[in-house]
Amino acid sequence: MANEKRDYYDALGLKKGASDEEIKKAFRQHAKKFHPDVNPGNAKAEARFKEVNEAYEVLSDSNKKARYDQFGHAGVDPNFGAGGGSPFGGGFSGFGGMDFDLGDIFSSIFGGGGGGGTASRNRNAPRKGERIRVNQNISFEEAAFGCEKEVSVQRVETCDDCSGSGCKKGTTAEKCPDCQGRGVVSTQQRTPFGVMQSTAECPKCNGRGKLIHQPCEKCKGLGMVRRNRSVKVSIPGGIDNGQTISVRGQGSAGINGGEAGDLFVTVFVRPHEIFQREGTSVLLNTQISFVQAAIGTQLEVPTLDGNVKLTIPAGTQTGTVFRLRGKGISYLRGSGRGDQFVTANVVVPTSLTAEQKDLLIRYGEAGGDVIDPKKKKRR
């Protein structure tokens with residue numbers, strides 16, 4: 001029954017008056033939770049997924065949302081209340097003996113389609129295939145320079161045996177005699193004020209516009225089958241953790257001649273043992289001794305391209321940062337690379353031999369350092 005249809009705000013877990021951003025966020029959360037690919041064979045989850053999509057279709061459209069906020073489901077669905085009288089309690093039915101369609105009424109009142117009229121509900125109209133989302137793990141180096149990956153996807157494809165017709169080989173479908181292939185039928189109800197006409201999905205053919213008497217054995221008359229496929233995806237150098245790339249046309253097949261959906265690959269970068277990333281820069285910490293910092297030295301430090309020589313000048317203080325130009329992450333857009341930054345940390349020894357201590361004491365005293373005020377200065 002029409003009055004049993006769930007409130008769209010409630011379907012998304014929102015209160016009336018929610019902002020566009022709140023609606024979008026709630027839709028993403030619910031769509032991900034109830035997506036058929038996440039819940040294979042779960043009829044309840046599939047029903048909730050359709051409910052969430054329907055709610056978002058209305059609430060994300062400012063015109064439809066305004067009508068829904070004012071009139072409820074009757075403001076966006078011309079089939080609401082079919083068979084039970086006018087959804088407005090007769091307020092719009094005083095048109096004498098004229099026939100009229102609720103979809104036409106809403107079109108004339110609101111200056112647009114009646115929120116899901118016959119055209120938008122026609123199952124025979126071309127529809128784009130379902131988009132598919134997958135995750136892909138890559139290494140730090142693969143993110144820096146780019147790579148190609150074979151991504152496993154489960155998608156809907158046109159049945160090879162029947163070429164999408166749903167019919168067994170050598171047979172054809174019959175045009176539905178009730179709807180004449182349109183997929184929808186019109187019903188009329190006579191009221192004291194005239195005849196009310198509404199349009200609904202044809203119950204005989206379930207909106208397909210055709211009857212399949214000998215269905216294809218492979219797809220069971222659906223014209224579509226679900227398959228596991230391996231898709232080669234080119235991941236650009238410079239991509240960062242959590243970013244998503246799209247591969248056009250690699251989602252599920254379109255319906256009724258519609259184009260295929262897209263594949264969305266979200267990349268997750270594994271942490272590196274020694275390198276850290278900051279934008280297009282690579283960060284590295286290296287340790288040097290007190291002596292190396294004092295008199296200077298030359299070190300071999302690792303980079304994404306292999307070891308390179310780094311000169312440490314005399315008198316280097318702990319925390320000093322050195323730049324290695326062009327040794328960072330590739331720019332995601334454009335050519336070139338960022339830089340690598342090496343932070344030198346002076347290590348203070350924690351255990352010394354007697355000879356090392358004596359040498360350090362002599363060094364300190366030579367510079368005027370008071371090593372132990374209780375002891376006399378060495379001569």
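Numbering starts at 1 and runs along the sequence shown. Computed from heavy atoms alone, side chains included, the values below leave out hydrogens, waters and symmetry copies.
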Side-chain donor/acceptor of [X] to backbone N/O of [Y], under 3.5 Å:
X	Y	value
H30	A26	yes
T286	A344	no
K210	S165	yes
R277	G279	yes

> Among the clusters formed by ILVMFWY side chains lying less than 4.5 Å apart, do I329 and I274 turn up in the same one?
Replying inline: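 They do share one cluster, since a chain of ILVMFWY contacts under 4.5 Å joins I329 to I274.
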Members sharing [X]'s hydrophobic cluster (side chains within less than 4.5 Å):
X	result
V321	L283, F341
F49	F34
L360	L352
L211	none

> Can you list every ring pair (Phe, Tyr, Trp, His ring centres under 6.0 Å) pair that touches residues 223-242, not counting sequence neighbours?
Replying inline: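 Residue pairs with at least one partner in residues 223-242: there are none.
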>> Strictly by side chain to side chain donor-acceptor pair (under 3.5 Å), give each pair with a member in residues 243-254 just once, sequence neighbours left out.
In response: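 Side chain to side chain donor-acceptor pair (under 3.5 Å) check on residues 243-254 returns R155-Q250, T244-T266, R248-E259.
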> Taking atom types as modelled and ignoring hydrogens, do the side chains of S230 and E150 form a donor-acceptor contact shorter than 3.5 angstrom?
Replying inline: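 Checked: S230/E150 side chains pair up, N/O donor to acceptor below 3.5 Å.
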Would you call [X] and [Y] a salt bridge, taking side-chain N to carboxylate O under 4.0 Å as the test?
X	Y	answer
D161	K168	no
E157	R226	no
D358	R362	yes

>> Using 0.5 Å steps for rounding, measure from the CG atom of L59 to the OH atom of Y68.
In response: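 If we round to the nearest 0.5 Å, L59:CG and Y68:OH are 7.0 Å apart.
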> What distance do S152 atom OG and N228 atom CG have between them, rounded to the nearest 0.5 Å?
Replying inline: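 If I round to the nearest 0.5 Å, the distance is 5.5 Å.
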For [X], give me all partners under salt bridge (Lys or Arg N to Asp or Glu O under 4.0 Å), at least two apart in sequence or on another chain.
X	answer
K50	E46
D305	K327, R337
R133	none
K65	D69

> Which is it for R323 and V342 under the side chain to side chain contact (heavy atoms under 4.5 Å, CB included) test, yes or no, and what are the steps along the way?
Replying inline: CA-CA 6 Å; R323 181 199 295 260; V342 181; over 6 Å; no
> How would you list, by chain and number, every residue that makes a side-chain contact (heavy atoms from CB on, under 4.5 Å) with E51, sequence neighbours excluded?
Replying inline: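 Testing E51 for side-chain contact (heavy atoms from CB on, under 4.5 Å), a comparison that skips the adjacent residues, returns R6, A11, R48.
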> Among all residues two or more places apart in sequence or in another chain, which pass the side-chain contact (heavy atoms from CB on, under 4.5 Å) test with E300?
Replying inline: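 For E300, the residues satisfying side-chain contact (heavy atoms from CB on, under 4.5 Å) (neighbours in sequence not counted) are N307, K309.
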>> Just to verify, which of T318, V291, T316 counts as forming a side chain to side chain contact (heavy atoms under 4.5 Å, CB included) with V346?
In response: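 Answer after filtering T318, V291, T316: T318.
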> Going through the checks in order, is the side chain to side chain contact (heavy atoms under 4.5 Å, CB included) test met by F275 and L304?
Replying inline: CA-CA 9 Å; F275 296 129; L304 293 174; 4.0 Å; yes
>> Pair F322, V301 - check side chain to side chain contact (heavy atoms under 4.5 Å, CB included), show working.
In response: CA-CA 11 Å; F322 300 92; V301 295; over 6 Å; no
>> Walk me through whether D10 and K15 qualify under salt bridge (Lys or Arg N to Asp or Glu O under 4.0 Å).
In response: CA-CA 7 Å; D10 183 53; K15 293 183 179 180; over 6 Å; no
